[in-house]
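Worksheet: one structure, shown below.
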Amino acid sequence: MEQEVNKIVSWLQDQVEQANVDGLLVGVSGGIDSAVVANLIKKACPDHSLGVIMPCKSQSSDQEHAQKVIEACGIDSLTVDLTETHQTMFQTIQEQLKQQNSINEEQTKLADANLRARLRMSTLYTIATNHKYLVVGTDNAAEWFTGYFTKFGDGGVDLVPLVHMTKGEVREMAEYLGVPDEVIHKQPSAGLWEGQTDENEMGTSYAMIDRYLKGEEIPTEDKEIIEALHKRSAHKRQLPPSPPQ
């Protein structure tokens with residue numbers, strides 16, 4: 001694990017040098033993936049790394065866990081509460097759609113959640129530009145393969161250091177790095193709405209996705225769900241398509 005950490009830290013340092021920037025930042029959500037990334041960028045750029053906490057209609061426990069991650073790894077931090085910004089923007093959009101009688105109520109919850117993710121991305125890039133930093137993403141192999149991220153939201157980043165690591169491997173690295181236990185063992189959730197969990201939304205578990213990615217046998221039902229998620233989300237992993245030249 002020490003070798004794995006050192007390899008990623010060295011790679012992060014190379015990216016900073018190649019991009020001719022001063023450092024790295026990450027949005028710290030209170031979840032395990034962003035906790036690991038916060039530790040990694042702190043190691044890569046001890047004096048030029050930043051963890052950004054961005055509550056937006058968030059559960060108080062998520063913010064508490066994010067703060068514990070910040071304190072545990074000793075990274076500099078900044079908190080930007082986006083709740084009011086999101087509310088103003090989303091209500092304005094909804095009002096215009098209602099005036100045109102074109103609002104789709106079935107899509108409202110998803111549109112609300114995706115706007116939060118994209119506001120966070122915009123916030124991170126605004127801060128990154130100010131500091132001359134790169135934005136570091138938190139997606140692991142399971143999330144990347146299934147498309148469990150918001151396009152141009154948490155998927156809108158400069159670097160993805162965990163993208164080849166399964167959820168289980170991220171958990172092992174978190175333990176090695178000293179991430180707080182309550183963060184390591186909490187139920188994975190994007191915190192998009194009350195009671196939301198990643199696994200309930202996907203219809204399968206991270207353990208099953210990890211086994212699939214390792215080429216191991218899993219139940220047919222889980223395999224079909226994972227492959228359907230991968231196919232449906234293909235556009236998220238590609239550049240926007242263009243017509244033939």
Side-chain heavy-atom pair [X], [Y] within 4.5 angstrom cut-off:
X: Met165; Y: Ile8; result: yes
X: Asn140; Y: Thr166; result: no
X: Glu105; Y: Thr108; result: yes
X: Ile184; Y: Glu175; result: yes
X: Lys7; Y: Glu2; result: no
X: Val9; Y: Leu40; result: yes
X: Val21; Y: Tyr133; result: no
X: Leu24; Y: Leu159; result: yes

Pair [X]-[Y], side-chain donor/acceptor within less than 3.5 Å:
X: Thr138; Y: Ser34; value: no
X: Arg237; Y: Ser233; value: yes
X: Lys57; Y: His86; value: no

task = Decide if atom CD of Glu216 counts as having more than 12 heavy atoms of other residues, nucleotides or ligands within a radius under 6.0 Å.
result =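 Atom CD in Glu216 is crowded, with more than 12 foreign heavy atoms closer than 6.0 Å.
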query = Checking side chain to side chain contact (heavy atoms under 4.5 Å, CB included) for the pair Met121/Asp154: CA distance, chi angles, key distance, verdict?
reply = CA-CA 6 Å; Met121 179 273 292; Asp154 48 322; over 6 Å; no
query = Taking NZ, NE, NH1 and NH2 as the nitrogens, is one of them in Lys167 or Asp33 under 4.0 Å from a carboxylate oxygen of the other?
reply =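 A salt bridge links Lys167 with Asp33.
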ask   = Is a salt bridge present between Asp181 and Lys68, judged by a nitrogen-to-oxygen distance below 4.0 Å?
value =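 Here Asp181 does not pair with Lys68 in a salt bridge, since their nearest N and O are not under 4.0 Å apart.
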ask   = Same hydrophobic cluster for Val163 and Val26, using side-chain heavy-atom links shorter than 4.5 Å among ILVMFWY?
value =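 Unlinked, Val163 and Val26 end up in two clusters.
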task = Establish, yes or no, whether the cationic atom of Lys223 lies under 6.0 Å from the six-membered ring centre of Tyr212 and within 45° of the ring axis.
result =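 The answer is no; the distance or angle limit is not met.
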key: Nearest non-hydrogen partners of Val52 and Ile127, listed with the distance   =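 Closest approach of Val52 to Ile127: CG1-CD1, 3.8 Å.
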Distance, nearest 0.5 Å, that separates CD of Glu169 from CD of Glu172 =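 Reported value, rounded in 0.5 Å steps: 6.5 Å.
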